[in-house]
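Letters A, B, ... mirror the listed sequences (proteins, then strands); counts begin at 1.
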Number of protein chains: 2
Amino acid sequence: MTSDDSPNAPVRTVRADVRRNRARLIAAAREMFQRDGAGASLEGVARLAGVGIGTLYRHFPTRQDLLEALLADAYGELADRARELAESPSPGDALLEWLRAFVSGITAFPGMAAAAVVSLGGERGEASRPLREAAAVLFDRAGESGAVPPGTALGDVLRLAGGIATVTERDPEAADRLLSLAAAGMIPGAAAAPR
Amino acid sequence: MTSDDSPNAPVRTVRADVRRNRARLIAAAREMFQRDGAGASLEGVARLAGVGIGTLYRHFPTRQDLLEALLADAYGELADRARELAESPSPGDALLEWLRAFVSGITAFPGMAAAAVVSLGGERGEASRPLREAAAVLFDRAGESGAVPPGTALGDVLRLAGGIATVTERDPEAADRLLSLAAAGMIPGAAAAPR
DNA sequence: ACCTGAACACCGTTCAAGT
DNA sequence: ACCTGAACACCGTTCAAGT
C-alpha cells in the first residue's frame, strides 16, 4: 500500500533514512494535529519527529501536502469499506452508511475535513483517487437501484458530505443528524431549479 | 438599526470619535477581508482604518468579533428577505429560495461562512438573533405546509446550509447544486436512523 | 542527495505612556 | 475614557553550510 513500485521508478533510490524521516514526520504530524488541530506548529511537528524544520519542508512543501499524507491513510480504509459495502443487497442504505463512515473518517481533528474537501476537489487529486474509485462503484449501484436521484454527481455528494463534516467537527451527533437530513431531503417537494 | 437605545444605557456616553473609529474599522475590515479573506492581517485593517492596532483590539477583542460585525449587516438584509418571503403562497419554495440567499449572503469572502457557522451555533448568538427569528417564521410556515419533514430543527437546516456555503465559497454554481441536492435528498429512500 | 538550523520576515497581542 | 505604537513572543519559510 505504501510501496512506490511504478515501472520506471529507479530501484533502490530511496535511502532508508529518508523513508524513516518521512514516516516519523507523518506520525508526529498525526499526534500534533490531533492535539492542536490542522494549524499546529510545523516547527513542533519537526521537533517531535526529531528532524530539522528544513527536512519537513523538503518532504512536504506545504501544510496541505502533510495533511494529505494523513488523509491518504484514511482514504485507504474508506476505500476498503466502500468495497465491502458494494456487496450489500440494499445499495441506498449502503451508500448512506458509507457516507457516515466517510464523515467520521475525515474528522479525526479540526481542520482535517477542510483539507479533505480541498484534496477531493483538487486538480491532481492523487491521494483521493483510490477513494473516489471505490466510492464510485457503491454510488453507481445506488444509482442503478434508483436510490439516488438521476443526474446526481458523486463529486457533489462527496462535497456535501465534506461540508457536513466541516461544520460538525466537534459534534458527531450533529454530523449524523445533518447527514440524515441531507439524505432524506430538507424540503423534498420544493422546486429544484434556482431562480 | 445601528442605534443602541436600550432603556438603561447611559445617554450620550459614546463619544463621536469612538463611533467613527468603530465604523472605520468595520469598513476597513470589509475591504481587507474581501481582498485577502478572513485571515487578512489585522495590522493592515488598523492601518487602512487610520487607527492604532490597540484601538482595533479595544473595539474587537477577537477576529471573530470583527467578523460578526460584518455578519450582522448581512444578517439584517437576510432577515428582511425572510420577512418578505414569509408572505409567499408556496412556503417550501420560499424557504429554499431564502436558503439560496443565505448561502450567497454569507460568502462575500473566504472564511466568512465559517465565521457564520460559529456565530449561528454560538452560545451568546447576539448578532444572529434577528436572522434566526425572521427565519423561524419562514421555516415554521414551511413546516406547517408539510414541505419540511416533521422533527426537523431550524438550527440543523442553517448549519447544513452553512456547511454548503463553507465548501463552495469560490463556486456559486456548486452552491446551487449542493443546495438543490440537500433540499431534494441525496438518498431519499434510505433508512434514516444511524447504525 | 539529503539534512540542519540560523536568519529573515511577518504577524498577533499586550500594555505603559500619552491625550 | 480612549488612543497609540513600541515591545515581546511566536511562527513560517528559505538557504548556505555541512555530511
Side-chain angles (χ1 to χ4, degrees), chain A residues 4 6 8-29 31-70 109-111 114-115 118, chain B residues 4 6 8-29 31-70 109-111 114-115 118:
Chain A
D4 180 24
S6 37
N8 43 8
V11 181
R12 286 295 86 187
T13 201
V14 181
R15 297 193 323 204
D17 60 322
V18 173
R19 276 201 177 285
R20 204 186 49 205
N21 281 342
R22 189 187 149 87
R24 280 182 180 175
L25 280 164
I26 290 176
E31 188 172 333
M32 287 289 287
F33 288 166
Q34 259 157 16
R35 180 163 37 200
D36 301 337
S41 160
L42 294 182
E43 264 178 61
V45 171
R47 205 180 314 126
L48 186 61
V51 303
I53 182 67
T55 301
L56 183 151
Y57 275 91
R58 163 172 282 267
H59 282 268
F60 305 101
T62 71
R63 184 182 293 269
Q64 179 71 18
D65 289 323
L66 188 49
L67 285 163
E68 291 194 10
L70 298 188
F109 49 82
V118 170
Chain B
D4 181 24
S6 36
N8 43 8
V11 181
R12 286 298 84 187
T13 202
V14 181
R15 299 195 320 204
D17 59 322
V18 173
R19 276 200 176 285
R20 204 187 50 205
N21 281 342
R22 189 186 149 88
R24 280 182 179 174
L25 281 164
I26 290 175
E31 190 172 331
M32 288 288 287
F33 289 166
Q34 259 157 17
R35 180 165 36 201
D36 300 337
S41 161
L42 295 181
E43 263 179 62
V45 171
R47 204 179 314 126
L48 187 61
V51 304
I53 183 65
T55 302
L56 183 150
Y57 275 91
R58 164 171 281 267
H59 282 269
F60 305 102
T62 71
R63 185 182 293 269
Q64 179 71 17
D65 289 324
L66 187 50
L67 285 162
E68 292 194 9
L70 298 187
F109 49 82
V118 170

Do B:Val118 and B:Leu67 touch side chain to side chain, with heavy atoms closer than 4.5 Å?
-> no
Does A:Arg22 reach the side chain of A:Phe60, with side-chain heavy atoms less than 4.5 Å apart?
-> yes
Roughly, in whole Å, what's the span from [atom1] in [X] to [atom2] in [N]?
{"X": "A:His59", "N": "C:dA1", "atom1": "NE2", "atom2": "C1'", "result": "11 Å"}
{"X": "B:Gln64", "N": "C:dG12", "atom1": "CD", "atom2": "P", "result": "15 Å"}
{"X": "A:Arg63", "N": "D:dC11", "atom1": "CZ", "atom2": "P", "result": "11 Å"}
{"X": "B:Tyr57", "N": "D:dG5", "atom1": "OH", "atom2": "P", "result": "16 Å"}
{"X": "B:Glu43", "N": "C:dT14", "atom1": "CD", "atom2": "C1'", "result": "13 Å"}
{"X": "A:Arg20", "N": "C:dC3", "atom1": "CZ", "atom2": "C1'", "result": "12 Å"}
{"X": "B:Leu56", "N": "C:dG12", "atom1": "CG", "atom2": "P", "result": "9 Å"}
{"X": "A:Arg47", "N": "D:dC11", "atom1": "CZ", "atom2": "C1'", "result": "10 Å"}

Could you tell me whether the phosphate oxygens of D:dC3, OP1 or OP2, come under 4.0 Å of any side-chain nitrogen or oxygen in B:Asn21?
-> yes
The Watson-Crick or G-U wobble partner of D:dC8, with both key distances under 3.5 Å, is C:dG12
Now, which nucleotide makes the Watson-Crick or G-U wobble pair with C:dG18, with each of the two distances under 3.5 Å?
-> D:dC2
Which nucleotide in the set C:dG5, C:dC2, D:dC3 lies at the smallest distance from any side-chain heavy atom of A:Ile53?
-> C:dG5
Side chain of B:Leu42 only, please: which of C:dG12, D:dG5, C:dG5 is the nearest?
-> C:dG12
Heavy atoms under 4.0 Å, any strand shown: does A:Ser41 hit a base, just sugar-phosphate, or nothing?
-> sugar-phosphate
Heavy-atom pair with the smallest gap, counting every atom of B:Ala40 and B:Arg63 = O-NH1, 2.8 Å
Heavy-atom closest pair, residues B:Leu56 and B:Val45 = CD1-CG1, 3.8 Å
Say whether, by atom type as modelled, one donor and one acceptor occur between the side chain of A:Asn21 and the main chain of A:Val18 under 3.5 angstrom.
-> no
